[in-house]
Structures are given as structure tokens and as C-alpha cells.
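A short worksheet on the structure shown next.
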Amino acid sequence: MKVLVVGNGGREHALAWKLLKSEQVEQVICAPGNGGTAAMEGCRNLPLAVDNFQGIKEFALENDIDLVVVGPELPLALGIADYLEDANLTVFGPKKAGARLESSKSWAKGLMEEAGIPTAKSATFAREEAEAAKAYAAERGAPIVVKADGLAAGKGVTIANTVEEAIAAIEAATTGQFGAAGDRLVIEEYLTGQEVSVLALTDGRAIVPLLPAQDHKAIGEGDTGSNTGGMGAYSPAPLVTPLLMERINKEVLEPAIATLSKRAIDYRGVIYAGLMISPNDDIWVLEFNCRFGDPETQVILPLLETPLEELMLACARGNLSAVLPIRWRKDRVAACVVMASGGYPGSYQKGKAIGGLDRAAEQGALIFHAGTEVKEDRILTSGGRVLGVTGIGSNFNEAFAGAYRGIECIDFEGAYYRRDIGYRVLAMGNGE
Ligand code: AMP
Ligand code: GLY
């Protein structure tokens with residue numbers, strides 16, 4: 001079969017790579033793809049932007065595409081699944097109504113409340129209610145979290161350590177910092193604990209979690225500095241014991257899908273629950289995403305044994321139960337370290353030649369490209385997060401050593417990566 005993957009990040013490279021591992025998948029086309037998907041055997045790029053729905057539809061119909069897999073949230077929020085399904089294409093990813101889980105934080109909060117899903121206490125304010133929002137923040141006190149309601153490319157959340165910071169964040173958001181994403185604000189209680197990403201597959205009825213992952217969002221070592229899309233991840237996260245996963249299923253995933261269904265939303269694809277686990281194992285939902293995580297996908301998919309397209313087709317066709325349980329490589333763990341352009345998540349330069357990729361692969365590392373492109377046979381940087389280097393091992397010490405061995409082979413001007421990815425899991429004694 002032929003699969004079209006929409007997107008151009010490390011997540012999409014990992015999706016394309018995993019799909020091509022299956023005997024059933026002959027070809028993957030990535031729109032628009034990156035330097036890694038351009039160079040991978042069996043894969044090619046199609047220069048169409050993720051929101052060029054008409055171009056994507058025409059290509060898919062003309063080329064007998066059997067499955068369209070949508071990576072990023074933006075096209076899902078804009079209704080790509082609705083558009084392509086109307087043309088009788090098979091799509092992995094929720095329709096616009098379901099994608100609101102990610103595209104509107106206040107809508108997601110309402111759904112959580114209805115479903116009885118544990119989440120931080122919050123209040124929602126319209127842009128015109130900025131003064132009431134400031135009064136609410138002052139009354140609740142700091143630390144407090146201010147969130148733009150809509151999609152803001154990961155930049156819409158401010159953890160305010162003082163009421164003044166909260167007020168500044170409210171002012172910035174309501175005076176246009178995030179455009180329409182700031183039409184509404186969610187202000188919520190600050191939670192502490194460890195964050196985990198639990199991604200689950202669903203066909204609208206059955207919902208089944210993938211292996212849990214942990215991601216390091218901050219740019220700086222020791223989880224300091226600005227938040228990024230994610231600087232490294234590992235899976236399966238030992239923090240999520242089988243008992244905790246059972247509770248996540250019962251307290252979060254099953255109520256979410258049941259409540260979507262009650263609202264007549266037929267949600268098919270990935271539900272990604274960003275969770276905070278408190279020191280005494282309370283589970284709180286920080287956010288829902290309507291797509292695979294990045295870099296979580298780079299550590300989850302290498303451990304998957306069931307062919308990915310089988311699971312995706314089952315979600316799209318509404319027969320997920322028939323292909324369960326999902327099979328995993330139980331004897332392996334995976335760790336990914338992201339290499340970024342110097343200056344990211346602020347401004348950075350592009351167009352730097354990347355060397356040592358072959359040597360890193362010879363060391364056994366899996367290299368998933370994100371912000372790269374091929375120009376005149378050279379691979380150049382073209383984004384903030386450039387590459388994710390994944391190591392696989394029988395324990396986390398081995399997996400991280402593999403990832404860092406790979407990283408040490410790779411160079412480009414200004415390359416930056418965190419040297420402490422996985423410090424928690426290694427300190428927990430789960431490295432062995
Ligand atoms: P979100 O996009 O809502 O997941 O927020 C982005 C990041 O902000 C999360 O991954 C957390 O690190 C942090 N965050 C969000 N909400 C809270 C909260 N209520 N308490 C503490 N940290 C939060
Ligand atoms: N790694 C965080 C995300 O994909 O949203």
C-alpha cells in the first residue's frame with residue numbers, strides 16, 4: 001500500500017520510517033517532508049504545505065493513496081480529516097470537531113469537567129475580560145498559569161511566579177501576542193510533580209494506550225529556561241507503573257472518549273494526554289493533544305512490534321478492537337536526544353551543513369530529521385529542532401549511551417543539545 005504522511009518534523013520522519021518497516025507498505029510520500037524523509041529508501045517528498053488541502057487531496061486521489069496520516073495539529077484543527085474523508089480517502093487523525101481537544105484549551109477544560117477528568121482548577125476569560133482575568137489572577141495568587149486558548153505553536157503557556165508576571169502575560173495575550181489564539185485565556189492553578197505523555201490510539205470506541213513516555217520540554221540542563229517543543233524523551237517511562245496506567249485508562253482516557261462520543265464526536269486517531277503525576281500519585285491532565293508527540297514518537301515507535309499501518313487503518317475504519325492487543329518489544333527501551341540550532345527556541349541561523357550522519361548511524365543510533373533539507377546533495381539545517389538521535393538498549397544506561405554516541409559523531413555550526421536528558425530515570429535506578 002501507499003501512505004501519504006502530512007508534516008515535516010521528526011515525528012513525521014519516525015512515522016514514515018516505521019510505516020516502511022511493514023511488508024504491506026511499499027511507498028511513503030511525505031508532504032512536505034524534510035531532509036531525512038527525502039533521503040530514506042522507499043520514501044519521497046511532495047512539496048505541498050500541510051494546509052494545502054486541495055493539493056493533498058488531488059495528489060492522493062491521482063496516486064491511489066491508501067492511507068493519509070496527519071502528523072501536526074494545525075491541519076487537523078483546520079479540518080483536513082473532514083476534507084479528505086469527504087473525498088473518500090482514508091485518514092488517520094481526528095476531524096475538526098475532535099481536534100478541538102487541542103485547538104481550544106477552554107473547550108478541552110469543559111469536556112474534562114463533564115467527563116469528571118482530574119485537571120487543574122481554572123477559569124476562562126474572553127479577550128474583552130482582561131481586567132476580570134487580572135483580578136482573578138490577583139485573587140488566586142502566584143504561582144499561577146496563564147494559557148492562550150488556541151494553538152500558539154507551544155508558546156502560549158506562561159508559568160507566572162508572581163502576580164505581576166501573570167498580569168503581564170494576560171496583557172500580552174489579550175493585546176495580540178498570539179493573534180486569534182489569544183481571543184480567550186485559561187488561567188489555572190499551578191501543579192507540581194512529574195510530567196508524562198500518554199498517547200493512546202482510538203477508533204472512537206476502543207481506546208488503547210501506547211507505551212508511556214517522558215519528555216524534557218525546557219531548553220536548559222536541569223529543566224531550566226524557556227519551554228521548547230521538546231529536547232529529548234524516553235520510553236517506557238518507569239514512573240508509569242502498570243497500576244498507574246490502569247488508573248490513567250479509567251480516570252482519563254476512557255472518560256475522554258466516552259464524553260466525546262456522548263457529544264456525537266467520532267474521534268479516530270491519537271489522543272495524547274499530557275499529565276502531571278503528583279508525588280503521591282494523583283493524576284492531573286495538563287492538556288490534550290490530537291496527534292502524536294514530538295519527540296515522544298521517536299522513542300515509542302521503535303519499540304512497537306505490531307505493524308503501524310495495521311493499527312492506523314483499524315482506527316480509521318472503526319475496528320481497533322480486532323487488532324488488539326498491541327505488541328511491543330518488551331526487552332528494549334528507547335531514549336532520544338534532540339540536536340537544535342544555537343539560539344533555539346529564540347532566533348537562530350539556518351543553512352548550516354550537517355556532517356557525520358553516516359558515522360552516527362554506523363554506531364547504531366536511529367536518526368530522525370526535523371529541521372533539515374537537502375540542497376545540492378548536502379543536508380542543511382532548516383529549523384530550530386534539527387535532529388533527534390535515538391538509542392535503543394536493554395536498559396536506559398545503554399539507550400542513552402547509544403543516543404549520545406550518535407550525537408558525538410554529528411556536527412553542524414552552532415549545534416546545541418542537552419547533556420542531561422533522562423537524568424531522572426537514570427537517578428531512579430532504572431538505568432540498569
Ligand atoms: P500545555 O500546552 O497546556 O501542556 O502547557 C505547556 C507546559 O506548561 C506543560 O507541559 C507544563 O510543563 C506547563 N504547564 C501547563 N499547565 C501547567 C500547570 N497547571 N501547572 C504547572 N505546569 C503547567
Ligand atoms: N513533546 C511535546 C509535544 O509533542 O507536544
Side-chain angles (χ1 to χ4, degrees), residues 7 9-12 14-15 71-74 76-77 99 101-109 112 118-124 137 140 142-161 165-166 169 173 178 181 184-199 210 212-220 223-235 237 270-279 282-301 336-338 340 345 368 370 384-385 388 421:
R11 163 183 54 210
E12 286 76 20
L15 287 166
E73 62 278 15
L74 181 72
L76 291 167
L101 216 43
E102 178 164 2
S103 67
S104 170
K105 290 190 188 292
S106 59
W107 189 85
K109 279 281 185 189
M112 286 188 251
T119 184
K121 189 175 162 54
S122 73
T124 298
R140 305 288 310 175
I144 193 159
V145 184
V146 179
K147 300 184 174 186
D149 186 56
L151 296 181
K155 300 194 170 73
V157 174
T158 303
I159 312 285
N161 290 312
E165 274 175 46
F178 305 116
R184 273 200 255 187
L185 292 180
V186 173
I187 302 185
E188 72 180 31
E189 175 191 10
Y190 174 75
L191 300 170
T192 52
Q194 280 202 53
E195 282 185 58
V196 294
S197 305
V198 174
L199 283 63
L210 304 177
Q214 278 189 288
D215 169 23
H216 288 271
K217 292 213 164 85
I219 187 72
D223 294 322
T224 54
S226 309
N227 259 356
T228 69
M231 294 303 292
Y234 46 94
S235 181
V270 174
I271 289 187
Y272 161 157
L275 305 172
M276 186 72 90
I277 309 297
S278 79
D282 287 332
I283 300 163
W284 301 96
V285 175
L286 296 179
E287 63 167 346
F288 280 119
N289 295 319
C290 63
R291 49 159 178 90
F292 283 98
D294 191 349
E296 290 92 328
T297 303
Q298 288 90 307
V299 288
I300 295 172
L301 293 185
C336 172
V337 179
V338 170
F368 296 118
R385 289 191 293 174
I421 300 296

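Side-chain atoms are counted along with the backbone in the values below, which use heavy atoms only and exclude waters and symmetry mates. Both ligands and their constituent atoms are indexed starting at 1 by order of listing.
Across the listed options Glu195, Met276, Glu102, Glu188, Glu195 owns the non-hydrogen atom lying nearest to atom 11 (C) of ligand 1. Scanning Leu191, Thr192, Asp215 for the heavy atom closest to atom 20 (N) of ligand 1 points to Leu191. Ranked by closest heavy atom to atom 15 (C) of ligand 1, the top entry among Glu287, Lys217, Lys155, Lys147 is Lys147.
Close approach of ligand 1 to Ile159 (heavy-atom distance below 4.0 Å) involves ligand atoms 13 (C), 14 (N), 22 (N), 23 (C). Of all atoms in ligand 1, numbered sequentially from 1 with element shown, those under 4.0 Å from a heavy atom of Leu286 are 3 (O), 11 (C), 16 (N), 17 (C), 18 (C), 19 (N). In summary, the atoms of ligand 2 found under 4.0 Å from a heavy atom of Asp215, numbered by their order in the structure, are 1 (N), 2 (C). Close contacts of ligand 1 with Lys105, meaning ligand atoms under 4.0 Å from a residue heavy atom, involve 1 (P), 2 (O), 3 (O). Residue contact check: Tyr190 has heavy atoms under 4.0 Å from atoms 20 (N), 21 (C) of ligand 1. Taking a cut-off of under 4.0 Å to the non-hydrogen atoms of Gly293, the atoms of ligand 2 that pass are 4 (O). When each atom of ligand 2 is checked for a heavy atom of Arg291 under 4.0 Å away, the hits are 3 (C), 4 (O), 5 (O). Close approach of ligand 2 to Asn289 (heavy-atom distance below 4.0 Å) involves ligand atoms 5 (O). Listed by number with element, the atoms of ligand 2 under 4.0 Å from a non-hydrogen atom of Gly229 are 1 (N), 2 (C).
Here's the thing with Glu287: none of its N/O atoms is less than 3.5 angstrom from an N/O atom of ligand 2. The distance criterion of under 3.5 Å between nitrogen or oxygen atoms is not met by Val157 with respect to ligand 1.
Inter-residue side-chain proximity for Phe292 and Leu210 is flagged as met; some heavy-atom pair is nearer than 4.5 Å. Two residues are said to be in side-chain contact when any heavy atoms from C-beta on lie closer than 4.5 Å; Asn289 and Glu73 fail this criterion. With a 4.5 Å cut-off on side-chain heavy atoms, Ile283 and Ile277 count as touching.
A donor-acceptor contact shorter than 3.5 Å links the side chain of Thr119 to the backbone of Val285. Looking at Ser104, its side chain never comes within 3.5 Å of a backbone N or O of Gly150 through a donor-acceptor pair.
For atom 7 (C) of ligand 1, the nearest non-hydrogen atom of the protein is Asn227 ND2, 3.7 Å. Of the protein's non-hydrogen atoms, the one nearest atom 3 (C) of ligand 2 is Tyr272 OH, 3.5 Å.
Checking each of Lys121, Lys109, Lys105 against Glu188 for a side-chain hydrogen bond (donor to acceptor under 3.5 Å, both in side chains) leaves exactly one that passes, namely Lys109.
Residue contacts with ligand 2, taken as heavy atom pairs separated by less than 4.0 Å, involve Glu296 solely via side-chain atoms from C-beta onward. The part of Glu189 lying near ligand 1 is the backbone, judged by heavy-atom distances below 4.0 Å. Looking at Phe292 against ligand 2, nothing comes within 4.0 Å, counting heavy atoms. If you look at Glu195 next to ligand 2, there are no close heavy atoms at all, none under 4.0 Å.
Here CD of Glu165 is found 12.0 Å from CD1 of Ile144. Values are rounded to the nearest 0.5 Å. Note: Leu191 CG to Asp282 CG = 10.0 Å, rounded to the nearest 0.5 Å.
Salt-bridge check for Lys217 with Glu195: passed, with a basic side-chain N closer than 4.0 Å to an acidic carboxylate O.
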